[in-house]
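Read through the structure below, which is laid out as structure tokens, and then see the notes.
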Amino acid sequence: MTTLVTGATGNTGRHVVAELVRRGEHVRALTRDPAAWAGRFPAGVELVTGTHTAPDRLDGALDGVSRLHITVTAGLAEVGPELVRRAVAAGVRRITVLWGGWVGPVEQAVADSGAEWTRLEAQEFMSNTLTWAESIRAEGVVREPYDHPSALVHEADIAAVAAVALLDDGHAGRAYNLTGPESLTPRERIAILSRAIHRDIAFEAITHEQAVGRLMATGVSRADAEYVVGWYATPSHSATTVDDTVERVTGRPARTFGQWVDEHAERFLSRG
């Protein structure tokens with residue numbers, strides 16, 4: 001059997017591909033530029049050209065696929081239901097969907113598809129910490145508008161749950177809330193980072209509007225920027241509370257933020 005992974009080169013998709021290969025699955029990885037990713041995936045991964053935001057061009061990629069992993073990203077809400085329809089018509093019988101933060105058109109289309117489905121309701125990704133890397137390297141400072149706790153989840157743990165749901169029975173129709181084993185404020189995360197890279201890192205509070213403007217400067221719309229910053233302003237109970245779903249589904253404890261930092265510490269170090 002073959003599993004198609006959309007968003008295969010993203011923060012979580014790469015881990016999903018690796019975890020499926022580790023478990024012996026034949027994986028087809030969807031990417032806009034297969035040549036750029038040649039040799040960067042485990043041996044045996046089949047790279048196919050395409051993007052999930054253009055489902056009308058994916059008939060070849062879906063040929064012979066029985067399982068599908070979808071990562072909901074910007075631009076997918078409008079075309080995602082068509083992707084799901086085409087996938088099921090092509091023979092996909094099991095789908096995991098990494099949600100976009102709420103049950104939108106794609107998530108609903110998956111639930112209504114007739115295929116076995118599992119929704120991965122991951123809370124904040126630990127990889128969001130990488131947005132601090134430039135200011136830490138250049139100035140030794142992190143600027144954020146809020147200091148509320150977040151039960152961040154390691155991307156590899158999201159992938160591990162996805163692999164179990166795709167390959168094992170008993171997960172159909174489930175919505176899994178995914179967190180790490182700790183709920184940490186930005187200041188607490190900074191302290192862990194500081195110890196790991198042996199450098200003092202300051203925390204500076206900025207205003208809500210400054211945080212929105214910072215996101216908009218990267219090309220994000222005001223509406224999306226307000227949504228993201230608003231999420232940090234008033235985080236939900238699910239976002240701040242530790243949930244043991246990762247351990248219950250995979251059989252091992254969720255990875256800590258300290259483990260994530262150990263894997264990525266060099267990205268916060270000054271280059272010179």
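Along the sequence shown, residues are numbered consecutively beginning with 1. Note that the structure is predicted; figures quoted are calculated from it, not measured.
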Q: Indicate yes or no for a side-chain donor-acceptor contact from R255 to the backbone of H154 under 3.5 Å, with no hydrogens or angles considered.
A: no
Q.
Is it the case that the side chains of H52 and T73 hold a donor-acceptor pair, with the cut-off being a distance below 3.5 Å and no angle test?
A. yes
(Q) Tell me if a side-chain donor or acceptor on Q108 pairs with a main-chain N or O of P105 at a distance below 3.5 Å. (A) no
Q) By salt bridge (charged side-chain N to carboxylate O under 4.0 Å, His left out), which residues pair with E209, not counting sequence neighbours? A) R222
Q) Looking at NE2 of H208 and OH of Y232, how far apart are the two atoms once the value is rounded to the nearest 0.5 Å? A) 13.0 Å
**Q.** With E116, the salt bridge (charged side-chain N to carboxylate O under 4.0 Å, His left out) member among R174, R94, R93
**A.** R94
Q | Side chains of R189 and T129, donor plus acceptor under 3.5 Å | A | yes
Q: Please work out whether the ring planes of W102 and Y227 are parallel, tilted or perpendicular, with thresholds of 30° and 60°.
A: perpendicular
Q: Using modelled atom types only, decide if a donor and an acceptor are shared between the side chain of T51 and the backbone of A54 within a distance under 3.5 Å.
A: no
**Q.** Residue pair L68 / V92: nearest heavy atoms and the distance that separates them
**A.** CB-CG1, 3.8 Å
Q | Closest contact, heavy atoms only, V21 versus A43 | A | CG1-O, 4.3 Å
Q: Please report the closest heavy-atom contact between E144 and W132, naming both atoms and the distance.
A: OE2-NE1, 2.8 Å
Q: Check the hydrophobic clustering (I, L, V, M, F, W, Y; side-chain heavy atoms under 4.5 Å; chains of links allowed) and say if W99 and L76 are grouped together.
A: no
Q. At their closest point, which heavy atom of S150 faces which heavy atom of W231, and how far apart are they?
A. OG-CH2, 4.1 Å
Q: Report yes or no: does E19 contribute a side-chain atom to a donor-acceptor pair with the main-chain N or O of V16 at less than 3.5 Å?
A: no
Q: Enter the distance from L120:CG to T71:OG1 here, rounded to the nearest 0.5 Å.
A: 8.5 Å
Q: Please confirm whether the backbone N or O of M1 pairs with a side-chain atom of R67, one donor and one acceptor, at under 3.5 Å?
A: no
Q: Determine yes or no for a side-chain-to-main-chain donor-acceptor pair under 3.5 angstrom, with T179 supplying the side chain and V242 the backbone.
A: no
